[in-house]
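Note that the coordinates shown come from a computational prediction; the quantities given were computed from them, not determined experimentally. Hydrogens, waters and symmetry mates are skipped; everything else that's a heavy atom, side chains included, is used. All ligand and atom numbering here is 1-based and tracks the order in the structure.
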Amino acid sequence: NKESSNSRGALIVLEGLDRCGKTSQSGRLYKYLDEQGHSVESWRFPDRNTGVGQMISSYLANKSQLDDHAIHLLFSANRWEKRSLMEEKLKSGTTLIVDRYSYSGVAFSSAKGLDIEWCKAPEIGLLAPDLVVYLDISPEKAAERGGYGDERYEQLEFQKKVAGSYLSLRDSSWKVIDATLSIEDVEKKLREVVLDRMMTCHKGKPMSQLWP
Ligand code: NYM
């Protein structure tokens with residue numbers, strides 16, 4: 001399964017409610033692909049390591065207050081500041097497993113009542129994922145898993161609204177995996193869809209931009 005030198009990597013995005021298991025699954029997927037000898041990196045948004053990311057982190061921790069529109073634009077800026085590196089990595093053949101992307105941006109902000117088209121606008125021109133995997137769990141089940149932290153948004157009533165927003169963003173190209181299955185079963189299904197899409201990217205699937 002060695003990629004040929006001129007084939008590109010795939011942009012794989014994992015989405016879902018808080019506590020759906022995205023972070024553990026992206027870690028497991030990364031480890032598997034890496035061990036199989038693929039060139040792969042694990043990314044996440046928000047990327048809290050940048051200056052913008054630190055502002056976001058402080059907002060999420062309730063250490064600062066921001067207008068809903070302003071924080072939305074910061075989340076988007078946090079993706080824009082990584083865009084050129086993302087393109088470089090993909091073109092050089094590295095597959096990126098990304099934990100949250102523009103869909104989180106739109107789903108969480110529109111759940112607060114912001115206009116969905118307004119929310120989508122600053123994402124225009126970012127790289128479009130080659131695959132979006134939605135780890136599907138009801139807000140109630142996710143809440144039962146416990147471990148909602150003290151961060152903003154980690155509340156059942158709000159997560160119900162986020163679930164509704166995700167539903168209106170989903171299209172037929174998304175792969176939906178039942179996140180209430182065992183960790184191993186979710187992992188297995190995830191590997192299948194990801195390997196399949198990596199193959200189509202290696203074979204020359206063109207890169208595109210949001211919103212396709
Ligand atoms: N979030 C994440 C947004 O509201 N907009 C975005 O654009 C992104 C990428 O940040 N509750 C929210 C969703 C999460 C929170 O993410 C922190 P994580 O994956 O828990 O670090």
Nearest to atom 4 (O) of ligand 1, what protein heavy atom do you find, and at what distance? F108 CB, 3.2 Å

Judged on heavy-atom distance to atom 17 (C) of ligand 1, which of R100, E154, R48 sits nearest? R48

Where the closest heavy atom to atom 5 (N) of ligand 1 is concerned, which of Y59, F45, Y148, F75 has it? F75

For [X] and [Y], take the angle between the two ring planes, folded into 0 to 90°, and tell me which bin it lands in: parallel under 30, tilted 30 to 60, perpendicular over 60.
X	Y	value
Y134	W174	tilted
H69	W118	perpendicular
F108	Y166	perpendicular

Does the distance from a Lys or Arg side-chain N to an Asp or Glu carboxylate O, for [X] and [Y], drop under 4.0 Å?
X	Y	answer
D196	R191	no
R145	D18	no
K63	E151	no

Heavy-atom distances under 4.0 Å decide this one: backbone, side chain, both or neither, for L60 against ligand 1? side chain

For ligand 1, does P46 get within less than 4.0 Å through its side chain, its backbone, both, or neither, judged by non-hydrogen atoms? both

Residues T50 and N78: side-chain donor-acceptor under 3.5 angstrom: yes

Is there a nitrogen or oxygen of [X] sitting under 3.5 Å from a nitrogen or oxygen of ligand 1?
X	value
G105	yes
R44	yes
D18	yes
R79	yes

